[in-house]
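Report on the structure given below.
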Amino acid sequence: MEVSRIWSFRTSYLFIAPFLICFTLFIVIPIISAVGLSFTYYNGIERPRLIGWSNFQYLISQDLLFLKYAIPNTFKFAIIVGPGGYIAAFLLAWLISKLRGGLRKWVALAMYTPSLTIGIAMTIIWLPLLSGDRIGYLNSILLKIGFIDVPKLWVTSPDLLMNSMIAVTLWSSMGVGFLAMLAGILNIDTTLYEAGRIDGIRNSLQELWFLTIPSMKPQMLFGAVMAIVTTFKTGAIGVQLSGQNPTPSYAGHLIVNHIDDYGFIRFEMGYAAAISVFLLIVMYGANKLSWGLFGSKEE
Amino acid sequence: MKQSSLVARISFNTFMLALSVFMILPIIYIFNHAFKPYHELFVYPPTFFVKEPNVQNFVELFWVTANSIVPVTRYLFNSVVISGLSVVGVTIMSALCAYPLSKHPFPGKKFIFSAIILMLMFTPEIVQIPRYLVVSELGIMNTYWGHLLPILASPVAVFLLKQFIDQIPDSLIEASKIDGANEVVTFIRIVIPMCMPAIATVAILAFQNSWGNIETSTLFMQDDEMKNFPFFLSTLTNNLANNVARQGAAAVAALIMLIPNLIFFIILQSKVISTMAHSGIK
């Protein structure tokens, strides 16, 4: 019975097969091995040695850098950048959809470009702009208009680094989630809005709340998940901005930096894998929330 | 009445344009920086716009590249081939996978979708070593397969396409089947055209990922002639970043990496964004 049911869906399986093969080989198997490593001591040279739960126990009870810096920093960073970037991306997509066709594509491109500079051009663009001496562009401008008296150490002072990281990340948060939501808004049938006007929708805010958002739930969900994933995975930014690893007084030390630290500097791969698993659980929890907001019942 | 709505439209457009200018400041900056002669790069007060544009930085980067043992064109060739294949491969594979995940009630569907979302969330750092072992076991080290296969499966792309296909009414797909179309025809005639915006976005994403990808060159390629262009540029700019005097050449390198992304975006996305105009799914 079950076999014949599976056989009746053979085309479906054929369709998903190419993806599933690559997915299993290059994503599932490596990740499951990484989860396995989290229960071992592994320095990248000797064979991994099984040590049970001790990595996790050490992580949540004794790792002071993790408990004192990585967790609070990540939390602060994520709580602002996650929802902030998400709302900014959605509102901008909505505003762009109100523009006329010819202008629309150029404005959309302009909003999208900062997300391209992450990674590729990070140091070349942002370091000179935020440089701590008076040659830095931001300092130079602020000094000129008399907003500050002495140059500020935007990226090397522990008090300011986190704010700079948040500002730069927000600036570049119009990524793939933004494109998906823009397409989602543009996809909505105009007759829906006409019907809404007859039913008593008065202004564009009501229209946004009662018509636009409910008709693009799939894209809203995608945007939310991507916002969570990119927020928690962004880690290099503090190191790149300050040019120091670890960041000054651990001010920009995020969970991802902690993984890098143990994985590639101290070569304690097993422990780094345990931190990755921890981060996965945190993200999973955040995702449950967005699924509750925008997911359909079956998922 | 009409006049006031005109004023509102003009001020709205002006606001959006001002915001756009603000957002592209980094790009304007890098363009200007690339054309600045030495004495302008470190002048005080710093200038945003270039005063005497010249191509000295380009010449400098050219001379640095001319000294490399493997010709630059070889790196470029590798990058173009891999990016092209990956855009086509990722788009087709992801769409093929997303369609049944969205519309067919086959056994195991929920499990597979949950697995895709879960894997999407795992941080990539620690996965490198096990992935290295897989690539080496498959015997695709130092081949184009080693560049291509590890980046073909994109959980983000499948998730995005599935969300768009969810919006296509089931009745439309059933109608197509009643008309005698099989799954393949339905997929090509109905599903693909109706989620073109998502297809374009996935293609952009795939291009960005493969064009800027340094990981496969670093880990899976031993021979220099198998490495790609961004890897080559990164070896140059890593040295340039420490060397203050070569900031201009580093800006040129960043510009070369950025521009294909912008062009690819304009080609694919602009058509979708400016012509779609509320005509899609009913």
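Proteins get letters first, then strands, A, B, ... in listed order; numbering begins at 1 in each.
- Of the atoms belonging to Leu160(B), heavy atoms from both backbone and side chain fall under 4.5 Å from chain A.
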- For side chain to side chain contact (heavy atoms under 4.5 Å, CB included), just list the numbers for Phe265(B) and Thr113(A), CA-CA rounded to whole Å, side-chain angles, deciding distance to a tenth of an Å, and then say yes or no. CA-CA 10 Å; Phe265(B) 182 95; Thr113(A) 44; over 6 Å; no

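- Heavy atoms of Val21(B) lying under 4.5 Å from chain A are absent altogether.
- Residues passing the ring pair (Phe, Tyr, Trp, His ring centres under 6.0 Å) test with Phe22(B) are Trp171(A), sequence neighbours excluded.
- Neither the backbone nor the side chain of Phe178(A) has a heavy atom closer than 4.5 Å to any heavy atom of chain B.
- One finds the NZ atom of Lys103(B) at 13.0 Å from the OG atom of Ser12(A) (value rounded to the nearest 0.5 Å).
- For Ala110(A) against Met23(B), the heavy-atom pair with the smallest separation is O-CB, 3.5 Å.
- The CE atom of Met220(A) sits 12.0 Å away from atom CD of Gln163(B), with the distance rounded to the nearest 0.5 Å.
- Ranked by heavy-atom pairs shorter than 4.5 Å toward chain A, the options Asn13(B), Ile117(B), Leu149(B) are led by Leu149(B).
- For chain A, the nearby parts of Val127(B) are the backbone and the side chain; heavy atoms of each come within less than 4.5 Å.
- A donor-acceptor distance shorter than 3.5 angstrom exists from the side chain of Gln167(B) to the backbone of Ser215(A), with no hydrogens or angles considered.
- Here Gln208(B) contributes atom CD and Leu116(A) contributes atom CG; the two are 5.0 Å apart, rounded to the nearest 0.5 Å.
- Contact record, Pro197(B) with Asn187(A): CG-ND2, 4.4 Å, taken as the closest heavy-atom pair.
- Within the model, atoms CG of Asp260(A) and OG1 of Thr123(B) stand 9.0 Å from one another, a figure rounded to the nearest 0.5 Å.
- In this structure, NZ on Lys98(A) lies 9.5 Å from CZ on Arg9(B), to the nearest 0.5 angstrom.
- Heavy atoms closer than 4.5 Å to chain A are found in both the backbone and the side chain of Leu19(B).
- At a 4.5 Å heavy-atom cutoff, the contact between Tyr99(B) and chain A is made by side-chain atoms alone.
- Of the residues considered (Leu255(B), Val184(B), Ile116(B)), Ile116(B) shows the highest number of contacts with chain A, using heavy-atom pairs under 4.5 Å.
- For the options Val90(B), Ile92(B), Leu120(B), heavy-atom pairs under 4.5 Å to chain A are most numerous at Leu120(B).
- Without hydrogens or angle criteria, Arg131(B) side chain to Pro30(A) main chain gives no donor-acceptor distance under 3.5 Å.
- Annotation: Trp145(B), atom CH2; neighbour count of heavy atoms from other residues, nucleotides and ligands within 6.0 Å does not exceed 12.
- For Gln128(B), the part lying under 4.5 angstrom from a heavy atom of chain A is the side chain only.
- Closest of all the heavy-atom pairs between Ile31(A) and Phe122(B) is CD1-CB, 3.5 Å.
- Heavy-atom minimum distance, Arg5(A) versus Pro105(B): NH2-O, 3.5 Å.
- In this structure, the portions of Leu25(A) lying under 4.5 Å from any heavy atom of chain B include both its backbone and its side chain.
- With sequence neighbours left out, Phe264(B) forms a ring pair (Phe, Tyr, Trp, His ring centres under 6.0 Å) with Phe207(B).
- Here the side chains of Tyr42(A) and Ile129(B) are in contact, with some heavy-atom distance below 4.5 Å.
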Taking distance alone, no hydrogens or angles, what donor-acceptor pairs closer than 3.5 Å link side-chain atoms of residues 271-282 of chain A to residues at least two apart or in another chain?
{"unit_1": "Tyr271(A)", "atom_1": "OH", "unit_2": "Asp63(A)", "atom_2": "OD2", "d": "2.6"}
{"unit_1": "Ser276(A)", "atom_1": "OG", "unit_2": "Ala272(A)", "atom_2": "O", "d": "3.1"}

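- Shortest non-hydrogen contact noted between Phe9(A) and Pro107(B) is CD1-CD, 3.7 Å.
- Each of Thr11(A), Leu109(A), Ile32(A) has some count of heavy-atom pairs under 4.5 Å with chain B, and the biggest count is that of Leu109(A).
- Contact of Phe15(A) with chain B is made through backbone and side chain together, with heavy-atom distances under 4.5 Å.
- Looking at Leu96(B) and Phe19(A), their side chains never come closer than 4.5 Å, going by heavy atoms from C-beta outward.
- Contacts between residues 223-232 of chain A and chain B, defined by a heavy-atom separation under 4.5 Å, are made by Val225(A), Met226(A), Val229(A).
- Among Ile259(A), Ile27(A), Leu95(A), Ile29(A), the residue with the largest count of heavy-atom pairs under 4.5 Å with chain B is Leu95(A).
- Around the CZ atom of Arg100(A), the shell of radius 6.0 Å holds no more than 12 heavy atoms that belong to other residues, nucleotides or ligands.
- Per-residue heavy-atom pair counts under 4.5 Å with chain A were compared for Leu118(B), Leu25(B), Val158(B), and the maximum is reached by Val158(B).
- In this structure, the side chains of Leu103(A) and Leu17(B) come closer than 4.5 Å at one or more pairs of heavy atoms.
- For Tyr284(A), the OH atom sits in a loose shell: 12 or fewer heavy atoms of surrounding residues, nucleotides or ligands are nearer than 6.0 Å.
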- Message: Walk me through whether Ile16(A) and Ile112(B) qualify under side chain to side chain contact (heavy atoms under 4.5 Å, CB included).
- Response: CA-CA 10 Å; Ile16(A) 62 171; Ile112(B) 292 173; 3.8 Å; yes

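- Using a 4.5 Å cut-off between heavy atoms, Tyr13(A) contacts chain B through its side chain alone, with no backbone atom that close.
- Options Ile141(A), Leu99(A), Val176(A) differ in how many heavy-atom pairs under 4.5 Å they form with chain B, and the most are formed by Leu99(A).
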- Item | Full working for side chain to side chain contact (heavy atoms under 4.5 Å, CB included) between Ile204(B) and Tyr112(A) | CA-CA 12 Å; Ile204(B) 289 171; Tyr112(A) 183 67; 3.9 Å; yes

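- Side-chain contact between Phe23(A) and Leu152(B) is absent, with no heavy atoms from C-beta onward closer than 4.5 Å.
- Phe164(B) approaches Ala183(A) most closely through the heavy-atom pair CZ-CB, 3.8 Å.
- When each of Pro155(B), Gly89(B), Pro230(B) is checked for heavy-atom pairs under 4.5 Å with chain A, Pro155(B) comes out on top.
- More than 12 non-hydrogen atoms from other residues, nucleotides or ligands lie less than 6.0 angstrom from CZ of Phe264(A).
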- Message: Evaluate Phe222(A) against Val156(B) for side chain to side chain contact (heavy atoms under 4.5 Å, CB included), listing each step before the verdict.
- Response: CA-CA 9 Å; Phe222(A) 177 79; Val156(B) 178; 3.9 Å; yes

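- Counting heavy-atom pairs closer than 4.5 Å to chain A, the top residue among Ser114(B), Ala200(B), Ser154(B) is Ser154(B).
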